[in-house]
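What follows is one structure encoded as structure tokens, with my remarks underneath.
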Amino acid sequence: MHHEASLIATVAMGFMLAFAFAFLANRLRLPPLIGYLVAGIAVGPFTPGFVANTALAGQLAEMGVILLMFGVGLHFSAADLFAVRWIAVPGAIIQIVLTTALAGALAVSWGWSAGAALVFGLSLSVASTVVLLRTLDDRNALDSPNGRIAVGWLIVEDLAMVVALVLLPIFAEMLGGRPDPHSPVGGNTAVLITLSITFLKVAAFIALAVVLGPKIVPWLLKQVARTGSRELFTLSVLAVALGIAYGSAELFGVSFALGAFFAGVVLSESDFSHRAAADSLPMQDAFAILFFVSVGMLLDLSIIVREPVAILAVLLMILLGKSLIAFSIVLLLGYTVMTALTVSASLAQIGEFSFILAGLGKMTGLLSNDGLSLIVAGALLSIALNPICFMVVDLIVSRAGIGTRIGGYGEQRLARLQAQLDVLRERGAARETERSLRVQNLVDLFPIFAQLDHQAPEELLLLFRPRTASPGDRIIRKGDRPGAVYFISEGAVQVAIPNHEIRLGPGEFFGEMALLGGERRSADVVAIDFCKFLTLERRDFLSFVNRRPQLRAQFDEMAAQRAAEHPLSGSETSR
Ligand code: CMP
């Protein structure tokens with residue numbers, strides 16, 4: 001097969017080889033990531049045999065980046081970033097400046113132009129959040145203070161890169177590249193105008209995401225969750241993630257990645273963030289694999305033969321240069337050696353943003369083909385070597401006993417951070433417990449719901465509307481059209497049927513007969529105490545019970561029993 005492999009062939013071969021190589025990698029006790037990258041090289045245009053469609057693979061990879069950034073946003077909590085701000089913000093910014101300068105100097109020494117050197121330097125300065133999250137997750141270190149610092153650091157880097165992506169086309173001409181096709185006139189004034197417009201757009205987008213997003217998105221998801229359809233919920237999560245990412249790119253010219261990140265952040269504030277995360281995870285995983293495969297595809301193996309020294313230099317810059325810079329910054333900021341080591345290992349790789357930057361650099365005429373290949377080779381090798389970097393950290397720690405040394409200024413800071421993170425974690429856990437308690441209460445209080453699947457009480461909590469009544473209030477009038485069903489959580493009511501004294505109390509319900517039978521209300525119902533009810537609207541009640549035949553049968557049976565007590569029903573039995 002040749003260049004124009006179809007989408008299905010590209011995806012199928014990508015997944016099959018990724019699986020085969022990842023399985024092999026697992027056998028060899030290597031991370032599966034390496035398997036994905038090798039699969040990419042195998043289906044890439046630079047190796048013989050099957051060649052996947054590079055353009056399609058690139059787009060699939062972009063989907064991966066969107067979903068992954070969405071996931072980062074979903075797990076991102078502003079409070080967490082706030083807790084690590086004193087190290088993550090200055091650390092990441094200083095590190096980007098120093099690494100860009102160092103790597104840029106290397107490029108200039110090779111005779112590259114200033115523009116090319118800048119793109120190259122920036123590309124090497126930013127590490128991959130995707131790779132880091134995977135590594136930390138594998139090591140169970142995502143929630144540790146050092147893990148949080150590393151993630152916070154990389155998020156600041158990502159945000160800085162988004163700014164760089166926005167600015168690069170504007171300054172491309174000044175740096176010796178092609179002029180920005182979107183700019184109407186050339187020259188300095190044009191740069192200023194484009195710059196202001198771009199910043200206004202980004203500001204407008206962030207304002208919208210921060211102000212409108214948290215109102216609209218959770219509301220929408222709540223409506224979807226109320227339908228009880230799992231499929232629809234997953235779909236809504238995807239639609240929100242991709243919709244915001246695409247919409248923001250189209251409307252505001254903000255990158256897909258930033259849009260997706262904000263979509264995740266918006267969702268993370270809602271009650272459904274856990275479900276959204278769980279539902280989008282398989283998609284994230286699948287597309288992340290395609291992302292790594294497509295990285296592998298970009299690698300022109302011949303560069304290893306043509307430019308072995310340059311590749312080695314790039315690799316050393318990523319593994320050692322960047323790590324040493326980060327290591328020193330962390331120590332200078334007053335943190336522990338352990339923190340410095342974790343951050344260094346986390347930064348000793350480059351990934352998605354480097355490709356995006358390098359791609360843009362090529363498009364704007366700043367970076368050459370070989371420059372791009374060097375960055376890709378550096379990324380591939382550094383990603384593959386990253387687990388080893390963490391192993392080295394482990395080794396240093398166990399040999400030098402760093403982790404066991406307590407005391408000192410840095411340790412205190414870390415302990416304080418740990419305490420802060422614990423508080424945040426507890427708050428999250430408390431919210432979860434409260435939720436599960438509410439579910440438990442519901443099941444305990446209303447025996448009719450005891451047998452339901454575990455998702456049902458959650459759905460009920462969404463559907464219920466609270467109502468109250470005072471003694472003497474007529475809640476239901478005989479002969480009215482039915483509105484809602486009432487579940488009594490506190491108080492008592494009286495059902496007015498001639499010759500019968502029917503009192504209903506907590507745990508019981510009323511108002512179901514007319515709804516189930518499609519009739520008018522069969523009796524007056526009056527509060528005889530201060531009451532609290534949980535009510536289900538007609539449509540919600542019917543859709544809920546109709547999807548659960550057993551429950552529907554229980555309600556029908558109860559309604560039939562109750563109807564039998566009415567004077568006109570003939571077969572009267574006493575309660
Ligand atoms: P509905 O007919 O919708 O409105 C009046 C409600 O009173 C009715 O539903 C039942 O929920 C309740 N009800 C009527 N008859 C009885 C009964 N015999 N025992 C308990 N509740 C009743």
Side-chain angles (χ1 to χ4, degrees), residues 223 226-228 438-453 456-575:
Q223 300 308 314
R226 287 178 56 181
T227 64
R438 290 207 317 258
V439 169
Q440 194 51 44
N441 279 345
L442 191 76
V443 174
D444 289 348
L445 186 59
F446 300 111
I448 191 137
F449 296 132
Q451 308 294 326
L452 294 180
D453 53 298
E458 296 255 358
E459 197 182 323
L460 277 175
L461 285 176
L462 282 175
L463 298 173
F464 275 142
R465 305 259 160 82
R467 278 197 208 174
T468 54
S470 305
D473 286 353
R474 181 156 54 181
I475 304 153
I476 283 181
R477 183 203 300 263
K478 185 174 177 181
D480 274 359
R481 286 179 197 283
V485 184
Y486 295 74
F487 294 84
I488 309 170
S489 53
E490 276 177 35
V493 298
Q494 183 154 14
V495 183
I497 307 177
N499 309 326
H500 284 281
E501 267 274 300
I502 298 174
R503 279 176 61 117
L504 300 175
E508 294 182 288
F509 56 88
F510 60 90
E512 82 295 0
M513 285 168 61
L515 284 184
L516 292 171
E519 297 152 0
R520 303 268 174 152
R521 293 297 194 188
S522 62
D524 273 0
V525 182
V526 179
I528 49 174
D529 196 351
F530 290 98
C531 297
K532 283 191 180 165
F533 307 114
L534 294 169
T535 68
L536 281 181
E537 288 306 316
R538 177 199 169 91
R539 207 188 54 179
D540 292 337
F541 172 70
L542 288 177
S543 111
F544 187 80
V545 294
N546 287 343
R547 276 182 280 121
R548 296 174 174 81
Q550 235 180 335
L551 184 67
R552 165 94 208 202
Q554 271 174 287
F555 272 111
D556 281 338
E557 193 183 329
M558 190 69 160
Q561 271 177 24
R562 287 175 168 182
E565 292 179 13
H566 287 236
L568 288 178
S569 66
S571 61
E572 200 172 314
T573 46
S574 189
R575 263 170 73 87

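One-based numbering, in listed order, for ligands and for the atoms of each.
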> Just going by heavy-atom distances, which of Leu504, Val495, Asp480 is nearest to atom 13 (N) of ligand 1?
Replying inline: Val495

>> By the definition side chain to side chain contact (heavy atoms under 4.5 Å, CB included), identify the one residue from Leu504, Ile476, Val526 that meets it with Val495.
In response: Leu504

> Out of Phe509, Phe541, Phe533, which one pairs with Tyr486 under the ring-ring contact (aromatic ring centres under 6.0 Å, His included) rule?
Replying inline: Phe533

> Which atoms of ligand 1 have any heavy atom of Ile502 under 4.0 Å away?
Replying inline: 17 (C), 18 (N), 19 (N), 20 (C)

> Is ligand 1 under 4.0 Å from a heavy atom in the side chain of Glu565, in the backbone, in both, or in neither?
Replying inline: side chain

>> Check Glu508 with Arg562, please: is the shortest side-chain N to carboxylate O separation under 4.0 Å?
In response: no

> For Phe510 and Phe487, what are the C-alpha separation, side-chain angles and deciding distance, and is it a ring pair (Phe, Tyr, Trp, His ring centres under 6.0 Å)?
Replying inline: CA-CA 7 Å; Phe510 60 90; Phe487 294 84; 9.0 Å; no

>> When you measure from the heavy atoms of Ala523 to every atom of ligand 1, does any distance fall below 4.0 Å?
In response: yes

> Does Asp480 come within less than 4.0 Å of Arg520, counting only side-chain N to carboxylate O?
Replying inline: no

> Which atoms of ligand 1 sit under 4.0 Å from any heavy atom of Phe510?
Replying inline: 11 (O)

>> Using only atom types and a distance under 3.5 Å, with no angle test, would you say the side chain of Arg521 pairs donor to acceptor with the backbone of Gly511?
In response: yes

> Of all the heavy atoms in His566, does at least one lie under 4.0 Å from an atom in ligand 1?
Replying inline: yes

> Heavy-atom distance to atom 10 (C) of ligand 1: which of Gln561, His500, Met513 wins?
Replying inline: Met513

> Has Arg548 got its NZ or CZ under 6.0 Å from the middle of the six-membered ring of Phe544, at an angle within 45 degrees of the ring axis?
Replying inline: yes

>> With nothing but distance in play, are any N or O atoms of Ile497 less than 3.5 Å from an N or O of ligand 1?
In response: no

>> Is there a polar contact between ligand 1 and Arg521, counting only N or O atoms under 3.5 Å apart?
In response: yes

> Any idea which atoms of ligand 1 are less than 4.0 Å away from a heavy-atom of Ser522?
Replying inline: 1 (P), 2 (O), 4 (O), 5 (C), 8 (C), 14 (C)

